[in-house]
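Throughout, a chain's letter reflects where its sequence line sits, starting with A, and its residues are numbered from 1. All heavy atoms count here, side chains included; hydrogens, waters and symmetry mates do not.
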Amino acid sequence: AQSVTQLGSHVSVSEGALVLLRCNYSSSVPPYLFWYVQYPNQGLQLLLKYTSAATLVKGINGFEAEFKKSETSFHLTKPSAHMSDAAEYFCAVSSMSGSEKLVFGKGTKLTVNP
Amino acid sequence: GAGVSQSPRYKVAKRGQDVALRCDPISGHVSLFWYQQALGQGPEFLTYFQNEAQLDKSGLPSDRFFAERPEGSVSTLKIQRTQQEDSAVYLCASSVQGVANEKLFFGSGTQLSVL
């Protein structure tokens, strides 16, 4: 079975500060890993995904994440937060064994203070 | 259309009523997924279609939940005899092929409130 743990249901940063959102996964087979963002009253949008091609993955809006197998982690970072980054972020895992469904974490709500 | 469309946006039902939630995926997308998102939680998988075939319904919480996609495009999620614990946002997503590393395109969801 696969699972995702997101540490911190709420994270607050100042504009211009580093954003770090934590995600740890559990999977018995090599995983695919994703970060999705949900803005208020909008559907989830893909930020980036890890599919084994490279451990450091760059996504949209300046976000990136690094796959660390030894730590079973896939933390999301952005060097400098912008007010428009305020949203809820979800980490998700699927399996390279062929299961199509995504297993999501509970989400982290990011607040950016001026 | 340009994206995944879900209707209605909001639905209020009295306990015991039947409801039907509609999803229009992106044209040409083979795969369609339904997720349930309770307040303060991440989306949880309900069921998955590839064209008209329902390949996985392991996430449906009870036999009161039923989903169909008869012509391989529009899908309907039906909940019979709604209960208060069914209150949640129901998300629909589609993808081009439905392989495990593929991007999902999500709709804005239907927020169901059961009174």
Side-chain angles (χ1 to χ4, degrees), chain A residues 1-10 21 23-25 27-54 57 59-60 67 74 87-109, chain B residues 1-10 23-26 29-51 53-60 67 88-111:
Chain A
Q2 298 170 308
S3 66
V4 170
T5 302
Q6 290 185 242
L7 295 176
S9 58
H10 290 82
L21 305 182
C23 172
N24 288 87
Y25 70 91
S27 178
S28 58
V29 296
Y32 295 126
L33 293 159
F34 306 78
W35 276 99
Y36 279 82
V37 60
Q38 188 174 33
Y39 298 102
N41 298 315
Q42 295 186 28
L44 282 82
Q45 302 172 31
L46 180 67
L47 270 181
L48 49 81
K49 62 179 180 179
Y50 165 75
T51 59
S52 78
V57 181
I60 61 172
F67 172 68
F74 191 57
E88 190 149 21
Y89 293 79
F90 293 93
C91 183
V93 62
S94 67
S95 168
M96 291 187 188
S97 68
S99 174
E100 298 84 2
K101 64 187 180 187
L102 286 178
V103 175
F104 285 87
K106 293 186 177 183
T108 298
K109 186 172 183 179
Chain B
V4 178
S5 177
Q6 292 187 246
S7 60
R9 183 73 179 90
Y10 301 94
C23 173
D24 281 88
I26 293 173
H29 278 196
V30 168
S31 298
L32 185 146
F33 302 78
W34 284 99
Y35 286 83
Q36 180 190 59
Q37 186 175 16
L39 189 64
Q41 303 294 315
E44 292 197 3
F45 172 81
L46 292 177
T47 187
Y48 158 64
F49 291 85
Q50 196 161 62
N51 295 309
Q54 189 174 19
L55 299 186
D56 187 343
K57 54 181 181 179
S58 62
L60 295 177
V89 176
Y90 290 85
L91 301 172
C92 177
S94 69
S95 65
V96 176
Q97 291 292 338
V99 296
N101 64 349
E102 199 173 16
K103 174 181 177 179
L104 295 187
F105 294 82
F106 282 84
S108 298
T110 293
Q111 184 171 331

Query raised in the report: Checking Gln6(A) against chain B: side chain, backbone, both or neither under 4.5 Å from a heavy atom?
Result: neither
Query raised in the report: What part of Ser31(B) is in contact with chain A, defined as an atom under 4.5 angstrom from a non-hydrogen atom: side chain, backbone, both or neither?
Result: neither
Report task. Anything in residues 35-42 of chain B with a heavy-atom distance to chain A below 4.5 Å? Please list those residues in order. Result -> Tyr35(B), Gln37(B), Gly40(B), Gln41(B), Gly42(B)
Please tabulate, for side-chain N and O atoms in residues 102-110 of chain B, each donor-acceptor pair with protein atoms closer than 3.5 Å (sequence neighbours left out).
from: Glu102(B); atom 1: OE1; to: Ser95(B); atom 2: OG; distance (Å): 3.4
from: Glu102(B); atom 1: OE1; to: Gln97(B); atom 2: N; distance (Å): 3.0
from: Glu102(B); atom 1: OE1; to: Gly98(B); atom 2: N; distance (Å): 2.4
from: Glu102(B); atom 1: OE1; to: Val99(B); atom 2: N; distance (Å): 3.2
from: Glu102(B); atom 1: OE2; to: Val96(B); atom 2: N; distance (Å): 3.2
from: Glu102(B); atom 1: OE2; to: Gln97(B); atom 2: N; distance (Å): 2.9
from: Thr110(B); atom 1: OG1; to: Pro8(B); atom 2: O; distance (Å): 2.6

Query - Heavy atoms of other groups near Glu88(A) CD, more than 12 under 6.0 Å - result: yes
Requested in this report: For residues Tyr10(B) and Asn41(A), report the shortest heavy-atom separation together with the two atoms involved.
Outcome: OH-OD1, 4.2 Å
Query raised in the report: For the candidates Ala93(B), Gly59(B), Pro43(B), which exhibits the highest count of non-hydrogen atom pairs separated by less than 4.5 Å from chain A?
Result: Pro43(B)
